[in-house]
Structure formats: C-alpha cells, structure tokens
Amino acid sequence: MPALPMDCEPELLAMARGFVDHEAAHIRHTDFTALRTVKLDPVTFNLFNCLEDWRVEKKLSSIFPGCRHNLNWLIRRFFVEQAQPRAGGDPPALAVLDYVLLTVRAWDVEEVNMSRLAAAEVLRQQFPGLKETLDAILIKVRIHCPDTASTIAYASQLAQSIRQWEPQQQQKETRRNGADLCDSTSQSEQEISPDCASQTQQPAPLSKAKAQLTALLHTEAQDLPQNLGELLSTALTLCQAESAFESVTVAVEGFRPSGVLPEPQKLQALQASIALRTRLQGFLQVRTQKQCSIGRRGVLHPGSLHRLQTGNPRIFRREAEQAGLNTAVHILLDVSGSMSGVPIVLARQACFAVAKALEHICGVNPAVTAFPAMASTSSVFPIMRHGQKVPDNFDINASGGTPLAAALWWVMQTMLFLKEQRKIILIITDGIPDNTHAAIHAVTVAQKLGYEVYGLGIRDEHIAHLLPQTSRVINDLSDLAPVMFDMLQTALLKGGAA
C-alpha cells in the first residue's frame, strides 16, 4: 500500500479498508505455491485472477461479514459508478475477458449486470456461441470452487474454450448456401470451381473474429482488463502523499544488546523512583478517593437517624464516584549515538525510575521501548511491553541515528488496541530527530488521534522545539522527581478525577 495522507476523505479510507480486506483474503486463502507451479500465460492468469478474487473474498466474508460490505462498496465503485464502455478502437475480443470479470462480480452486486449485458451483446454479435460455452463453465465455478487448484483448472477451461472457438453454426449455413449456389449454376459455370470453393470457406468477418481471439491469446498482461486488485492499487497510488514528510515509515522491531543496570546506578534510580512515586501517590489519593455525603437519596445511614426527630430527611449516605486513572503510558527511550557518555547513563536511570514509579500506581499501564534497534535505521527494541513487570535490563549503550518519527508511529500502532481510555507517550531524548518535519508531523497526528505526547530532555533544550508546551529538561538525576512530578501530575490527573 502506498503512503497515504493522514487527513483524507472518507472515500479514500473506504478504498484503503477494501484494499486491506482484498489482499488479506489472498493471504489467507490463495495457495501461491500451486499458482507458481503451473506458470499460467497472461490470458489464463487474467481469468484466474477474476475467479480467485471472487473465491477468496467469499471465504473471507463468511468469516468476517463486515468485509463483505467493504468489498461490495469497491465493486459498485469500480464496476458500476466508474464503469465506462470500451472505446471504438479497442479490440472486440477484450469483451470476452470483460464478460467473465463482470459476470463474476455480478454474483455479489446485481447492479453490475447492466455492464455485463453490454459485454454479452458484443459476444453475441462478434463471437456467436462463445457466451454459452463460458456460462457453462462459470456456473460450475459458482457451485463448487473450493481451492486455488480448482480455480486454476476452471481458468484453464475458460482459456481453452476461447482458443477452440469456431463459429460452427454460421459455417454450416455458409457451406449450405455455397452448395446451393454451385448446384444452380450451369455446366459451363461449374468449370469455375475455384470460385465456388472459395464461397464455401469462412466469410471474412468470421475469419476476422477468429483472428481477434487468436491475437487476444497472445496479448501482453498490461494490455488486458484490470481486475479489482489492480484497479484499487492504481487508485490508491494516485492518492498517495505528495510530500516526503507526509509519507509514513513505521519502525520495525529489532534487537539491541542490554544488561542489568550497575548496582550504584540502579540504587540511585530506585531512590529517585521512590521520591517520585511518593509524591504522585499522595496527590492521587486525595484526587481519586471516594467522597461521602449525606442527603435525601442513597443508602440508609444509621448514624443520621436522629435527624428524623427534627424533620430532617437527610438520613441517606451517597458516595461520590471518582473516575480512576485508566491510563496507558509508553516511554520512548532515545539510545542514538548522540546520547553516548553521561547523557545515556542519566537517560536510562531516568527511564528506569519513571517506569518503576508508574508500575506501582493503580490504573496506570506502563511500557518502555528503546530506539533505534540494531536491525535497521527505522527500528525499535521493546524493553518492556504493556502488562509486563519492569525488568532490570536497562543497561543499553548508545549508537545509531534518531528515527523518532518511525518510532512514534510504531508506538501509536502498538497502543491503538489497549483498553485504557487515555494514552500517553513520554519521549526521553537529548537531541534533534533524523527528520524534524516527519517527527513534527507524527506528533501532530498523534495529538489529533487523542494521544498525549510529553518530552523529557536530557541536558538539551531541543525537545522544546518539538513539544514546546509539554516538555521539561533535566541535567541531573536529582532533577527527575520534581520535574516529572510537575509534568505527570498534570498528565495523569487531567480528567482522571473528572
């Protein structure tokens, strides 16, 4: 799939969904090994694609009924709304492949029948008898086509029918007319037997029709009608993002050597973690505890029954419900080459301390990912996934670039299916991303999608250019607790007790 603009029309999103469903159907249900073994010619492969597209889409829709809606929308768009009759200069033989494609698509969307009937009329006029032969095979396809091998067999039968087509009925009529003409001639006229013989041969239009089918069988793949997947791929390519920073590169998971933090660094990080956790938990306790009130509704409060003597009806207890935090926090740790030396030591201690502090706060689901990994430039190394306990292997050396944009897209993709209502991304970095425009674009999109993005600069102010309102800078581990408390109390409680 090409890189698509994030701010796109619903129609483009529908095409993207349909493309994913269509290709997923092939991945799940097409036997590519069997297909590679037979080595089909272009026409037979085109026929195979028509049948196989229908077969795999039908199987996928039986498992995921919602896919049928997406696929039917695509069929209407490309074969009904955007259907155009062939130009006069197009070879009539292409109508044979059009007829097969439109017949198969009409099985799911009846509106396609109008275009199918137009193709059928061309077949009736140009290639009499061929439509009936194709229909006989297509009926078998619709009744029983269980796998890719069956589709290949049916496609080969269709191609063979096209290859063997002969206008037999018209040939018989032509020969009969030619014989009558010869019988009615005089003996002297019969001496010109070559002329009579030429009249019994196939007329020019029929010879031309046969030649057209023969030429069709030798047509290159790019000159044949496009199936649904090809039409959709072309349409999406035309809509792809025009500028470089609008295109999206998602990081891939890789590996990076890591070890247990040295004991002195770990103890310092734990002390900072305890300080941060103590301040956060104390603040959270006040904001999230349930408040009781006495009123006219609720559960009877025995201690307030004496109020009845004075006619006071406020004898019921009601607890004010306070919403929990219900927040997922993903920490992105920059381990690029610019972090070498003191910065990486401070960054991994800070990361470990924040993860430890968040781990013990009820309603917070933390995770930690380092970037880049060793696999490629745009890669990440998950140190700790959501739902896991905080490990000790935060001793990671610094090397490589700073693919922040790709890492952000990976995190957004990872957090998308989490059950927590609020999602926070905390970036710990010291410098400038490899692609500042792409990073700004990723942050902007994340915020539009409801993610909250915060930054912690390590002895560097550049994070403020990326996140001017939601970033802070630390120069020493002792700065971590007050700086993070200042930032996280706003982040975690913004609506947490609303």
Side-chain angles (χ1 to χ4, degrees), residues 38-52 85-106 113 115-145 150-185 190 192-221 223-225 227:
V38 292
K39 297 180 180 178
L40 302 176
D41 61 82
V43 169
T44 307
F45 185 73
N46 185 278
L47 294 166
F48 164 82
N49 262 338
C50 296
L51 306 182
E52 184 72 355
R86 288 202 169 273
D90 289 340
L94 290 177
V96 178
L97 301 183
D98 287 341
Y99 178 75
V100 174
L101 173 61
L102 296 172
T103 298
V104 170
R105 287 306 172 187
N113 273 312
S115 300
R116 184 185 72 85
L117 292 175
E121 180 62 19
V122 176
L123 262 67
R124 188 187 68 78
Q125 294 179 0
Q126 301 290 334
F127 314 104
L130 180 57
K131 172 183 174 298
E132 290 71 19
T133 304
L134 298 177
D135 284 341
I137 300 172
L138 291 173
I139 289 172
K140 296 179 183 178
V141 174
R142 191 174 186 182
I143 294 173
H144 184 69
C145 188
S150 300
T151 310
I152 294 172
Y154 285 128
S156 300
Q157 291 178 31
L158 291 170
Q160 189 69 7
S161 299
I162 298 170
R163 187 175 293 106
Q164 295 178 347
W165 176 80
E166 294 287 346
Q168 297 176 354
Q169 185 63 30
Q170 294 195 27
Q171 278 187 336
K172 291 179 181 178
E173 293 177 358
T174 302
R175 287 169 182 163
R176 183 171 62 252
N177 293 337
D180 293 341
L181 180 62
C182 289
D183 291 338
S184 64
T185 57
Q190 290 180 16
I192 316 175
S193 56
D195 291 341
C196 273
S198 66
Q199 292 179 13
T200 63
Q201 292 176 0
Q202 200 169 4
L206 297 177
S207 299
K208 184 177 179 181
K210 180 64 177 178
Q212 289 174 346
L213 289 183
T214 302
L216 174 66
L217 295 170
H218 294 87
T219 304
E220 297 295 330
D223 298 324
L224 298 175
N227 55 52

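Counting only heavy atoms from C-beta outward, the side chains of L40 and L47 never approach each other to under 4.5 Å. Under the 4.5 Å side-chain criterion, counting only non-hydrogen atoms from C-beta, P92 is in contact with Q126.
In this structure, the side chain of N46 engages the main chain of P225 through a donor-acceptor pair within 3.5 Å. Side-chain N or O atoms of H144 include none that pairs as donor or acceptor with a backbone N or O of K140 at under 3.5 Å. The closest donor-acceptor contact from the side chain of K210 to the backbone of W165 lies under 3.5 Å.
Rounding to the nearest 0.5 angstrom, the gap separating the CG atom in L224 from the CG atom in L94 is 7.0 Å. Taking CZ of F127 as the start and CG of L216 as the end, the distance is 8.0 Å to the nearest 0.5 Å. If you take OG1 on T103 and CD1 on I137, they are separated by 12.0 Å, rounding to the nearest 0.5 Å. Atom CZ of F45 sits about 8.0 Å away from atom CG of N227, to the nearest 0.5 Å. Going from atom CG of L158 over to atom OG1 of T44 covers 9.0 Å, rounded to the nearest 0.5 Å. C145 SG to I152 CD1: the interatomic distance, rounded to the nearest 0.5 Å, is 10.0 Å.
Of all heavy-atom pairs between A106 and N113, the closest is CB-OD1, 3.6 Å. Between C50 and V100, the shortest heavy-atom contact is CB-CG1, 4.5 Å. Listed here is the closest heavy atom pair of L102 and A119: CD1-CB, 4.4 Å. Nearest heavy atoms, A159 versus L217: O-CD2, 4.4 Å. In this structure, E52 and T151 approach most closely via the heavy-atom pair OE1-OG1, 2.8 Å.
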Go through L134 and V96 one step at a time and tell me if the side-chain contact (heavy atoms from CB on, under 4.5 Å) criterion holds.
CA-CA 9 Å; L134 298 177; V96 178; 3.9 Å; yes

